[in-house]
Amino acid sequence: LKLRQLEVQGFKSFVDKTKIELKEDLLIVVGPNGSGKSNIADCILWAIGEQSAKSLRGAKMQDVIFHGTKKRPAAGSAEVFLLFEKEDGQKIRVGRRLNRNGDSSYVIDDSNVRLKDIHEFCYRNNISVQGSYLVEQGRVEKMLALSPQERKSLFEEVA
Amino acid sequence: LKLRQLEVQGFKSFVDKTKIELKEDLLIVVGPNGSGKSNIADCILWAIGEQSAKSLRGAKMQDVIFHGTKKRPAAGSAEVFLLFEKEDGQKIRVGRRLNRNGDSSYVIDDSNVRLKDIHEFCYRNNISVQGSYLVEQGRVEKMLALSPQERKSLFEEVA
Amino acid sequence: IKARYIEAYEEVNKNFTELFKVVFDGGEAYLKLEDPENPLESGIEIFAQPPGKKVVHNIQLSGGESALVALTLLFAILSYRPQPFFLLDEVDAPLDDANIENVFSKLLLQFSQKAQFIVISHNKRTMALGDAIYGVTMEETGISKIVSVSLREVSA
Amino acid sequence: IKARYIEAYEEVNKNFTELFKVVFDGGEAYLKLEDPENPLESGIEIFAQPPGKKVVHNIQLSGGESALVALTLLFAILSYRPQPFFLLDEVDAPLDDANIENVFSKLLLQFSQKAQFIVISHNKRTMALGDAIYGVTMEETGISKIVSVSLREVSA
Ligand SMILES: Nc1ncnc2c1ncn2[C@@H]1O[C@H](COP(=O)(O)OP(=O)(O)OP(=O)(O)O)[C@@H](O)[C@H]1O
Ligand SMILES: Nc1ncnc2c1ncn2[C@@H]1O[C@H](COP(=O)(O)OP(=O)(O)OP(=O)(O)O)[C@@H](O)[C@H]1O
Ligand SMILES: [Mg+2]
Ligand SMILES: [Mg+2]
């Protein structure tokens, strides 16, 4: 499975509809401090079902919605779509939406699904629901810093 | 007050007697990963009275003593002396020793003193006993991450 | 399913031990069970010792050493269980130039053949490794845009 | 002594607000009391907003932005209360090149006139600022040695 496209709108600093192709296997994301690089990681984490607002650097889940700048008003909702491609060429689109009053929805291809279906998609494709594919900024030592039990549950997910 | 000289022996990776002059006001410490740069910061922290082994990246205080390598046996004790110079030229030597069985001593110039005298020296010279002169590796955001009460006690020390 | 966990633990342990020697050019590392009597319940601990050094507590490892140990374990797990992608956010920040050039670069090039890697970095050497660079900008304050530059021909 | 605390809080707050505008080339920042009714008991909170942006929670600030805010407060305190020395261990790791060159460098040069700074860094630009470089090596595995190179004439 490869991540081939990212579509974002209203998610953190990506207020305008942003669609990027990810054709390659080793992609380097660069840019000045505060430009939005870690926000891209947050997009991906969120779209495949992250439930902890804190893991997304917020207090409540609505904090991922673009909250406005001096010149632009806040957005009413956030949405992220990830386009995956399987080895046989089959494409799968996984998406998530959230609006300010808390209504949220998950999408796989053209169907509305529940969070557990997103997690099912992750299990089937070896995407860690615990998010162990992500090494967050400032937390590269995480693997070493985990408690022995936390490390065990990571291994259980792998097995 | 300026730090003019550092003498170390048996402290972490500085097993051999090391004496370095610090004549300048802006000193950059460089070197490969694992060479001992952060250990220098630990030296200074320890010599002026740090009481928490955890703050010195150990489990117990004896962990600061050189614990040996494949080729060298462990040291029996650690000692660090800091030579300070006041604006009027007066020199003050502050030191600390610890051996494996836990005996420790503090020194100011030629006298054995107690920890509270080291803290007194710090107070008189505006050296934070809470260690707020140190920004540890990986913890540059510390000031922001502190709880409001922790930040208050830092301000109290400053006042 | 319990057998799968034991197999995973032992395979990853083997990968970790071997990869560590490559990453650190020697030394010794392995995983160990907190409670060997109870492998299915036991937590997993890490023993990691760079060449020639003695490590009493892992917290004594330097920032750069810890980063490399953590990455080694991450890649050891990937060697056992394929995963589609990884997101690495400024993992090279604590590494010195030699480790970025000789160790991190080689790891990224090797393992990006096994999974897709999205790597956020401020480091020029890391940037030079990519198949493509995605530049994030904020021309309009507070609003992010992405521009991508492909560095290599991508075969179909 | 209570009056000293209030004075310290207000002076540092003023320094912080001014220095932030220099560091971020605009924007707004200040300290605020959790409980303004009880200033002597109250915790101290930070409001920090880079220019043009809106900040709802400080945890939303980026790694580089947070580092600069924290350093700004540290220096704001130094501007109020002289302290003999600071130890900064790889504080430039999260900063991009422009921030190291235009912001961090200027702060270090300015404040090393007020206190002695011992700065650990892997960054070439930071190294170039020093009055002296102290190189730490481990020729014999596990054993540290220091070599110093003075970059400037030190006046008596
Ligand atoms: N909900 C939101 N709405 C609008 N802007 C937001 C929101 N959440 C975060 N931001 C902004 O996004 C910016 C941070 O972006 P991000 O963490 O991705 O930066 P970065 O490129 O990773 O920078 P660094 O190199 O410093 O780590 C902050 O300036 C923050 O104000
Ligand atoms: N008590 C001790 N005895 C001997 N060696 C020790 C002791 N405590 C720590 N060390 C060694 O010191 C080394 C770490 O040194 P330090 O943290 O100063 O590195 P560093 O130069 O800051 O590296 P980095 O750039 O990666 O942060 C480790 O390899 C560790 O094994
Ligand atoms: Mg970031
Ligand atoms: Mg270090």
Side-chain angles (χ1 to χ4, degrees), chain A residues 1-3 6 12-16 18 20-41 44-45 66 68-72 84 125-128 132-145 147-152 154-156 158-159, chain C residues 4-5 7-9 12 34 42-46 58 61 63 66-67 69-71 73-74 77 80-91 93-94 108-109 112-113 116-122 126-127 129-138 141-146 148 150 152 154:
Chain A
L1 195 77
K2 297 249 186 274
L3 183 57
L6 177 63
K12 297 202 175 194
S13 55
F14 289 91
V15 58
D16 296 325
T18 300
I20 50 162
E21 302 283 326
L22 305 165
K23 296 201 206 70
E24 306 82 2
D25 289 343
L26 179 51
L27 317 154
I28 318 288
V29 178
V30 306
N33 290 131
S35 56
K37 307 179 295 296
S38 300
N39 289 347
I40 294 174
I44 295 170
L45 202 63
F66 175 73
T69 63
K70 289 262 157 79
K71 296 184 177 174
R72 283 245 212 155
F84 291 98
N125 290 288
N126 286 328
I127 297 171
S128 160
S132 55
Y133 54 83
L134 167 69
V135 183
E136 304 104 302
Q137 187 166 359
R139 301 228 48 216
V140 57
E141 306 181 15
K142 180 163 74 165
M143 267 288 188
L144 214 52
S147 76
Q149 280 298 330
E150 287 170 322
R151 202 169 294 121
K152 170 179 191 291
L154 221 135
F155 273 62
E156 285 174 331
V158 166
Chain C
R4 278 249 302 266
Y5 171 75
E7 176 204 44
Y9 172 79
V12 173
E34 251 186 330
S42 171
I44 298 171
E45 295 180 319
I46 299 173
N58 284 339
L61 289 170
S66 309
V69 172
L71 290 171
L73 183 49
L74 194 74
I77 293 173
Y80 167 72
R81 161 80 60 220
Q83 293 161 62
F85 60 85
F86 284 88
L87 305 176
L88 306 183
D89 198 343
E90 297 194 23
V91 297
L108 267 193
L109 291 172
S112 56
Q113 298 178 13
Q116 186 178 20
F117 277 81
I118 297 173
V119 178
I120 299 170
S121 178
H122 289 297
T126 301
M127 289 180 205
L129 300 170
D131 298 322
I133 301 260
Y134 288 75
V136 186
T137 62
M138 257 192 185
T141 322
I143 307 207
S144 298
K145 293 213 183 320
I146 308 177
S148 73
S150 191
R152 325 218 182 287
V154 180

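Source: prediction; values computed, not measured. Naming convention: chains lettered A, B, ... in sequence-line order (proteins, then strands); numbering from 1 in each chain.
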Colleague: Apply the side-chain contact (heavy atoms from CB on, under 4.5 Å) test between C:Phe85 and each candidate in A:Asn126, A:Asp25, A:Ile127; give the one that qualifies.
Modeller: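 Only one of A:Asn126, A:Asp25, A:Ile127 forms a side-chain contact (heavy atoms from CB on, under 4.5 Å) with C:Phe85, namely A:Ile127.
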Colleague: May I ask you to name which of C:Pro84, C:Ala70, C:Gly142 has the most heavy-atom pairs under 4.5 Å with chain A?
Modeller: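 Counting heavy-atom pairs under 4.5 Å, the top option is C:Pro84.
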Colleague: According to the interplanar angle, ranging from 0 to 90°, do the rings of C:Tyr9 and A:Phe155 count as parallel (below 30°), tilted (30 to 60°) or perpendicular (above 60°)?
Modeller: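 Rings of C:Tyr9 and A:Phe155: tilted, as their planes differ by 30° to 60°.
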Colleague: Which answer fits A:Arg72, side chain, backbone, both or neither, if we ask what part of it has an atom under 4.5 Å from a heavy atom of chain C?
Modeller: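 A:Arg72 touches chain C through side-chain heavy atoms alone.
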Colleague: Write down the atom of A:Ser35, the atom of C:Val136, and the distance for their closest heavy-atom approach.
Modeller: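 Between these two residues, the closest heavy atoms are O-CG1, 3.3 Å.
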Colleague: Within 45° of the six-membered ring axis of A:Phe14 and under 6.0 Å from that ring's centre, is NZ or CZ of C:Lys145 located there?
Modeller: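 Here C:Lys145 fails the 6.0 Å and 45° test against A:Phe14.
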Colleague: What option among C:Leu88, C:Leu87, C:Ile143, C:Ile118 has the most heavy-atom pairs under 4.5 Å with chain A?
Modeller: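 It is C:Leu87.
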Colleague: Does the side chain of C:Phe117 reach to within under 4.5 Å of the side chain of A:Leu27, using non-hydrogen atoms?
Modeller: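 No; the side chains remain at least 4.5 Å from each other.
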Colleague: So C:Glu34 and A:Arg151, side chain to side chain contact (heavy atoms under 4.5 Å, CB included) or not? Walk me through it.
Modeller: CA-CA 11 Å; C:Glu34 251 186 330; A:Arg151 202 169 294 121; over 6 Å; no
Colleague: Tell me whether the count of non-hydrogen atoms from other residues, nucleotides or ligands lying under 6.0 Å of NZ in A:Lys71 goes above 12.
Modeller: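 No - once you tally the heavy atoms of other residues, nucleotides and ligands closer than 6.0 Å, there are 12 at most.
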Colleague: Measure distances from A:Thr69 to the heavy atoms of chain C and classify the residue's part below 4.5 Å as side chain, backbone, both or neither.
Modeller: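 For A:Thr69, side-chain heavy atoms alone lie under 4.5 Å from chain C.
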Colleague: Hey, does the side chain of C:Asp131 reach the backbone of A:Leu26 with a donor-acceptor pair shorter than 3.5 angstrom?
Modeller: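 Side chain of C:Asp131 to backbone of A:Leu26: a pair is present.
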Colleague: Quick check on A:Ile44 against chain C: is it the side chain, the backbone, both or neither that has a heavy atom closer than 4.5 Å?
Modeller: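 The answer is the side chain of A:Ile44.
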Colleague: What's the separation between atom CZ in C:Phe86 and atom OG in A:Ser128, rounded to the nearest 0.5 Å?
Modeller: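 One gets 9.0 Å once the value is rounded to the nearest 0.5 Å.
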Colleague: Using side chain to side chain contact (heavy atoms under 4.5 Å, CB included), reason through C:Met138 and A:Ser13 one step at a time and then give a plain yes or no.
Modeller: CA-CA 9 Å; C:Met138 257 192 185; A:Ser13 55; 3.6 Å; yes
Colleague: With only heavy atoms counted, which part of C:Ala132 is less than 4.5 Å from chain A, the side chain, the backbone, both or neither?
Modeller: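 Backbone plus side chain of C:Ala132, per the 4.5 Å heavy-atom cut-off to chain A.
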Colleague: Looking at chain A, which one of C:Ser42, C:Ala8, C:Pro94 has the largest number of heavy-atom pairs inside 4.5 Å, strictly under?
Modeller: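 With the most close heavy-atom pairs to chain A, the winner is C:Ser42.
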Colleague: Is it the case that C:Tyr134 and A:Glu21 place a side-chain donor and acceptor less than 3.5 Å from each other?
Modeller: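 Absent: no donor and acceptor within the cut-off.
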Colleague: I'd like to know which of A:Arg139, A:Met143, A:Lys152 tops the heavy-atom pair count under 4.5 Å against chain C.
Modeller: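 Top count of heavy-atom pairs under 4.5 Å with chain C: A:Lys152.
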Colleague: Say whether A:Ser38 and C:Asp89, considering side chains only, have a donor N or O and an acceptor N or O under 3.5 Å apart.
Modeller: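 Yes - a donor-acceptor pair under 3.5 Å links their side chains.
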Colleague: Which bit of A:Glu136 comes within less than 4.5 Å of chain C, counting heavy atoms only: side chain, backbone, both or neither?
Modeller: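 For A:Glu136, the contact with chain C is made by the backbone alone.
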Colleague: Hey, mind stepping through A:Gln137 and C:Val91 against side chain to side chain contact (heavy atoms under 4.5 Å, CB included) and telling me if it holds?
Modeller: CA-CA 7 Å; A:Gln137 187 166 359; C:Val91 297; over 6 Å; no
Colleague: Tell me, side chain or backbone of A:Ile20 under 4.5 Å from chain C's heavy atoms, or both, or neither?
Modeller: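 The answer is the side chain of A:Ile20.
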Colleague: Any side-chain heavy atom of C:Ile77 sitting closer than 4.5 Å to one from A:Leu154?
Modeller: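 Sidechains of A:Leu154 and C:Ile77: in contact.
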Colleague: Select, from C:Ser144, C:Gly43, C:Gly130, the one with the greatest count of heavy-atom pairs under 4.5 Å involving chain A.
Modeller: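 With the most close heavy-atom pairs to chain A, the winner is C:Ser144.
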Colleague: Do C:Ser66 and A:Leu144 come within less than 4.5 Å of each other through their side chains, counting heavy atoms only?
Modeller: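 The answer is yes, as the side chains (C-beta and beyond) meet within the 4.5 Å cut-off.
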Colleague: If you take all heavy atoms of C:Glu45 and A:Pro148, which pair is closest and at what distance?
Modeller: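 Smallest heavy-atom distance, with atoms named: CG-CG, 3.8 Å.
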Colleague: Using a 3.5 Å distance criterion without hydrogens, assess whether the side chain of C:Gln116 forms a donor-acceptor pair with backbone atoms of A:Leu3.
Modeller: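 Side chain of C:Gln116 to backbone of A:Leu3, a donor-acceptor pair under 3.5 Å: yes, one is there.
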Colleague: Can you measure from CD (A:Glu150) to CD1 (C:Ile44) and round to the nearest 0.5 angstrom?
Modeller: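 CD1 of C:Ile44 is found 12.0 Å from CD of A:Glu150.
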Colleague: Hey, could you give me the NZ/OG1 distance between A:Lys37 and C:Thr137, rounded to the nearest 0.5 Å?
Modeller: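 Interatomic distance, A:Lys37 NZ to C:Thr137 OG1, rounded to 0.5 Å: 11.0 Å.
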Colleague: Please state whether the side chain, the backbone, both or neither of C:Leu71 comes within less than 4.5 Å of a heavy atom of chain A.
Modeller: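 For C:Leu71, the contact with chain A is made by the side chain alone.
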Colleague: Who wins among C:Thr126, C:Leu108, C:Val119, C:Val12 for the most heavy-atom pairs under 4.5 Å with chain A?
Modeller: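 The residue among C:Thr126, C:Leu108, C:Val119, C:Val12 with the greatest pair count is C:Val119.
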